Student: 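Attaching a single structure in structure tokens format; questions to follow.
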Protein chains: 2
Amino acid sequence: MLELRLVQGSLLKKVVDAIRDLVNDASFDCSATGFSLQAMDSSHVALVALLLRSEGFDHYRCDRNISMGMNLNNMAKMLRCAGNDDIITFKGDDGSDTVSFMFESPTQDKISDFEMKLMDIDSERLGIPEAKYQAIVRMPSTEFARICKDLGSIGDTVVISVTKEGVKFSTRGDIGSANIVCRQNTDVDKPEQATTVEMNDPVSLTFALRYMNSFTKATPLSNQVTISLSSELPVVVEYKIAEMGYVRFYLAPKIEEEEEETKPEV
Amino acid sequence: MLELRLVQGSLLKKVVDAIRDLVNDASFDCSATGFSLQAMDSSHVALVALLLRSEGFDHYRCDRNISMGMNLNNMAKMLRCAGNDDIITFKGDDGSDTVSFMFESPTQDKISDFEMKLMDIDSERLGIPEAKYQAIVRMPSTEFARICKDLGSIGDTVVISVTKEGVKFSTRGDIGSANIVCRQNTDVDKPEQATTVEMNDPVSLTFALRYMNSFTKATPLSNQVTISLSSELPVVVEYKIAEMGYVRFYLAPKIEEEEEETKPEV
DNA sequence: CCAACGATAT
DNA sequence: ATATCGTTGG
């Protein structure tokens, strides 16, 4: 038996919206620890990991570990029926092929109950080792989203380079090229506007903007985003979810070929 | 000769917008009593009835009963040319094949005059008998609209069930099912937020959401909607127009078949 | 948080 | 041209 209550129901809407651009169907895992998910995107290039810790819920009951395959678009469709300040209760039963969402309006005058069919999904859950990164950049999530969107209109890939002074995002395309430098800056009115660079080693890596622009769908979840970089390791783009956990996206860097791909010879 | 003046001209825009999704062409009837319309939707399933009483106009002159066939989309097109605070005067002449709209800006600095061609329409005007209903639900029109929209994303039909405690809207579709319960509640800050249930007999009826979602185009006309239900009778969804009359939509319930439509045999 | 307006997509 | 979505303002 499974029963999760979240007073700030809008959070769940944001979580699903953050992921469904990348992943259509995913298996959610529920245990005493929390509510989590791990999934590759449909082209098996990027990975997303979600954790909502049990302590973050206003009520959390999970009698035994359970895995539930859900279609994220259908899930979003149902969650869209919740008011933005509705309380959401998620219920599941062992062995059942459905789960249910209950939405309670703040005044309790409107109570909605949605039942959703589960799906069979082969959930390949990888262990993701903790790693030490050469550089960790923290910046406003909206700024990162804007940069990825802007660069995406110029080129297909972004080179992220970190130095002590800051972080540089570069791209190049048919119509020209672009470099956006964000320098470290903690001297702001509010901490969520800060940009900080924690650098052990300078690093410069290339990523497909297409995926970066999917990752930024998680922007509403957090004011800040954390980008962890190391050569040879997938970048981690993390959006912390206040009091509850995170959504993390992993993407392997492109192997830097000699200059442009316009060169026909290997 | 016919001359109707309405200081709150935006009302006329809302009335036409409320109807034109359902009905393309309609015959407006004008008499000493008022300005009215009755029309079936194009698939002859739903019926709409409009009444704007003569007393509600700021000037009302109708020398003899007259019927005017109008294309509602064309009418909307013209009315869209009126400012939201404009005073609208509607004029017609017996025997003429056109009518005219005059828009006066509040400051009288801009006076527009639009002439619209009438059309021949066979206006089959039914008598709609007053009926006694098993249950009458009153609720905020925006809430009703939201419910119909939400359920429309899950299923095709809605079951409306009324008990003493409140009203329940249910649907079922490929991805799952939904129940939304609104309980009676008069204890609110403002009367237009109230939900009241006047129940003589419990009732549960099924309707096509497609039509319900057309009816809710009338939402801007009134803060409250009234839903009158009886077995064997069409539901009446009514939006009152302050001081003037109403727009009423009628829709026959679906005959409840034995469970699902997945059964191939009749 | 709800409503109106503008922009975009069909 | 119309309907829906997203954004901005109250």
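This one's a predicted model, so the numbers in the text were calculated from it and none came from an experiment. Chain letters run A, B, ... following the sequence lines, proteins first and then strands; every chain starts at 1.
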Student: With a strict under 4.0 Å distance from non-hydrogen atoms of chain B, what nucleotide opens and what nucleotide closes the contacted stretch of DNA chain D, reading 5' to 3'?
Tutor: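 Result: D:dT2 to D:dT4.
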
Student: If you draw a 6.0 Å radius around CD in A:Glu243, do more than 12 non-hydrogen atoms from other residues or ligands fall strictly inside?
Tutor: no

Student: Quick one: label B:Arg80 by what it contacts on the DNA or RNA (base, sugar-phosphate, nothing), any heavy atom closer than 4.0 Å.
Tutor: sugar-phosphate

Student: Mind checking the CG-CZ spacing from B:Asp150 to A:Phe103? Nearest 0.5 Å is all I need.
Tutor: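 Taking CG in B:Asp150 and CZ in A:Phe103, the distance rounds to 8.5 Å.
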
Student: Over all heavy atoms of both residues, which pair between A:Leu251 and A:Ala208 is shortest? Give the atoms and the distance, please.
Tutor: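 So the minimum-distance heavy-atom pair works out to CD2-O, 4.0 Å.
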
Student: Would you say the side chain of A:Ile19 lies within less than 4.5 Å of the side chain of A:Met75, judging by non-hydrogen atoms?
Tutor: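 A:Met75 does not reach A:Ile19 side chain to side chain.
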
Student: Any base atoms under 4.0 Å from B:Lys149, or only sugar-phosphate, or nothing? Heavy atoms, all strands.
Tutor: nothing

Student: Do B:Lys149 and A:Arg80 have side chains that get closer than 4.5 Å, going by heavy atoms?
Tutor: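 The answer is no; the side chains never approach within 4.5 Å.
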
Student: Write down the distance between CG (B:Leu221) and P (C:dA3), rounded to a whole number of angstrom.
Tutor: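 Rounded to the whole Å, the gap is 15 Å.
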
Student: Taking CG from A:Asp85 and P from C:dC1, how many angstroms apart are they, rounded to a whole number?
Tutor: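 Whole-Å distance recorded here is 4 Å.
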
Student: Could you give the distance from OH (B:Tyr246) to CD1 (B:Ile241), rounded to the nearest 0.5 Å?
Tutor: 9.5 Å

